[in-house]
Amino acid sequence: MYYNARLQLLLKKINPSRISVMQKDGEIYKSWEEKGYFKPELHTNGNPYSIILPPPNANAPLHFGHAMYTVEDILIRYHRLLGDKTLWLPGADHAGFETQFVFEKKLLEKGKSRFDYDRETLYKMIWDFAAENRPVMENQLKRLGFSLDWSRSKFTLEEDIIKIVYKTFKKLYEDGLVYRAEKLVNYCTYDGTSFSDLEVIYEEKNSPLYYIKYGPLTLATTRPETKFGDTAVAVNPRDKRYKQYIGKEIEIETVFGKAKLKVIADDMVDPEFGTGVVKITPAHDFNDFEAGQRHNLPSVQVIGLDGKMNEKAGKLKGLYVKQARKAIVEEMQKKGLVEKIDESYINRIGVCYKCKNPIEPLPLEQWFIKMEPLAKYAIKAVKEGKLKIYPKNFEKLYFQFLENIRDWNISRQIVWGIRIPAWQNKKTREWKVTEGENPGDDYIQDNDTFDTWFSSGQWPYASLAATNSLEFYPTSVMETGYDILRWWVARMMMLGIYMTGKPPFKDILLHGLVNDPLGKKMSKSKGNVIDPIEIVEQYGADTVRFALVYGNATGNDQALSYTKLEAAKKFINKLRNIARFVVEMKPKTSSKEAAQRIEDIKVMKNLEKVTKDVTDALERYDFNFALNMLYEFIWHYFADVYIEQSKKRREEAQPYLEHILKTMLILLHPFMPFITEELYLQLPNHLESIMLEKWPKVKA
Ligand SMILES: [Zn+2]
């Protein structure tokens with residue numbers, strides 16, 4: 001409670017008055033867009049420089065993490081000023097399961113569910129829902145000043161994108177890298193779909209450990225309800241206590257009467273856990289599934305996709321897992337089969353990342369991608385220095401993921417997404433993979449859709465190809481949150497190299513999370529989510545951009561700081577005051593001779609140094625350093641020292657004052673686009689926009 005009270009106090013600072021910097025910013029943005037400044041054609045003869053915006057979810061408003069794309073706009077505006085042929089390509093992601101989950105919640109509010117509609121109707125409803133919300137997200141990106149080429153904006157469910165995704169799938173299939181198999185998959189019985197390994201989150205949960213008598217042995221398990229699916233018990237081969245049983249069958253008492261079960265020896269058994277004996281249920285546990293394959297054990301499924309016990313569970317049939325657990329324990333207790341229950345046991349349990357219900361490992365036939373051959377090239381590219389990851393410490397996470405990668409289940413049992421172009425022959429049951437076309441009347445299409453990351457994993461190539469912009473492939477840098485390095489960046493690397501032979505970008509740049517003002521991760525359940533647009537409305541986009549970059553090392557998490565927002569506001573005021581002095585309070589006459597005094601020589605030297613420092617810092621993605629240099633120079637040198645000195649010799653100093661102010665505005669423009677444009681247009685001899693200016697030359 002103390003925490004929330006403190007947070008509320010900080011949040012009160014926002015809201016009351018909404019100053020209308022927004023309107024002015026909006027007009028500036030509109031004129032830039034109308035004049036075509038965001039298009040690469042602005043500098044047709046420049047070197048290509050490009051970034052693909054990580055496409056936000058089409059149906060959801062932006063969160064503070066998206067505001068960090070400021071970093072991309074800094075790079076884009078910097079390169080545009082350098083005269084590069086610069087493209088920042090926007091897009092929107094259909095975000096498959098995420099979006100369907102949100103939509104189903106809306107249905108629930110109306111007393112409906114996904115089961116009330118056929119596939120086509122449900123798809124159409126979600127399509128309309130996403131289409132309605134997409135402009136909200138796009139307008140928010142505009143409010144932040146992001147200079148995206150909207151004429152090239154793409155959505156992941158557009159037909160040309162789907163075509164490319166189908167092509168990739170077919171190629172993978174023909175190369176033997178896609179296969180269909182029945183395996184244990186992560187399944188959410190509440191949402192009715194399987195997931196990849198990455199979408200399962202693990203939570204430490206108290207789950208009682210039951211010590212159950214299995215004939216002469218006693219074993220410990222957290223899942224007594226799956227005992228109907230046991231096909232062996234296992235011990236560690238070096239465990240002397242159970243040596244005599246290995247390879248033999250034991251007779252056990254069950255709720256159905258007596259039964260026989262084989263005792264196997266396997267290294268996976270930890271002799272320290274429980275009694276050192278475990279039950280093996282290949283159909284309902286990932287480790288047991290593998291043990292089952294090693295020992296040729298049958299697999300008996302006792303839980304269905306609906307999360308209920310099936311007929312193999314006898315009279316427990318129809319009960320949900322939780323109910324069944326309670327019932328079977330009571331039954332066994334009556335028979336004296338429960339030796340003890342350790343109520344204090346804490347277990348790591350996989351839960352659905354959306355609904356938080358336990359993930360049930362269930363056997364299911366799905367499409368899988370063989371990842372190892374793809375991962376090999378993605379590892380090689382970074383190891384060989386073909387591209388770099390910034391900050392470098394994230395390389396470890398990248399390699400760790402790719403070196404331990406398992407085959408990727410890409411089938412989802414949802415309608416919102418790209419339907420898998422695989423067709424099954426009704427008679428022969430054989431599968432055919434196409435580029436979308438129906439191979440004949442005897443075939444029916446797979447009901448499943450692709451994991452949304454399968455299509456977004458092809459995004460750089462797909463979005464550029466679909467907009468006739470392949471000259472920008474590979475892109476210059478992929479900038480995104482480090483939290484999706486595995487989900488997204490690693491997959492783009494693998495699929496990009498696979499489809500084109502080249503990594504999809506030259507650099508990978510990762511930013512950290514933006515936490516609440518007290519440093520805690522923003523989350524809906526904690527109620528501490530702060531809307532970036534609310535802050536933009538209150539403080540202005542430039543201020544928010546400044547606060548996100550200033551004092552924050554690239555790649556680090558940061559707390560949203562009101563101190564920094566206030567500092568940014570003061571800095572903008574300072575800039576206004578400087579411009580007022582230089583432009584409005586200009587002397588009526590200015591000296592004809594370029595008198596150069598010692599202070600002028602010094603200021604020009606310092607200007608040269610700050611220009612070089614800022615340029616170097618941008619080249620190595622050290623945005624904080626660059627902004628800090630500008631801030632210090634402008635406030636503590638240009639204003640405090642040079643301007644003060646110039647007051648006594650105004651006419652002489654005027655050309656220097658104008659030159660320095662103009663240079664500062666250009667250098668600051670990538671960070672604070674609106675205020676720099678506004679003040680630039682007050683300068684004498686200005687161009688139509690600061691966006692048409694040139695980045696000052698740096699002497700080597
Ligand atoms: Zn779920």
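Ligands are counted one by one from 1 in listed order, and the atoms in each one are counted from 1 as well.
- No more than 12 heavy atoms of other residues, nucleotides or ligands shown are found within 6.0 angstrom of OH on Y377.
- A salt bridge between K521 and D557 is absent, with no side-chain N of the basic residue lying under 4.0 Å from a carboxylate O of the acidic one.
- The pair D266-R294 counts as a salt bridge, with a side-chain nitrogen and a carboxylate oxygen less than 4.0 angstrom apart.
- For the Zn ion (ligand 1), the nearby protein N/O/S atoms, meaning those under 2.8 Å, are C188 SG, D191 OD2, C352 SG, C355 SG.
- Taking the six-membered ring for Trp and the full ring otherwise, the centers of Y123 and W416 sit less than 6.0 Å from each other.
- A salt bridge does not link R223 with D285: none of the charged nitrogens is closer than 4.0 Å to a carboxylate oxygen.
- A cation-pi contact, defined as under 6.0 Å to the ring centre and within 45° of the axis, links K171 to Y498.
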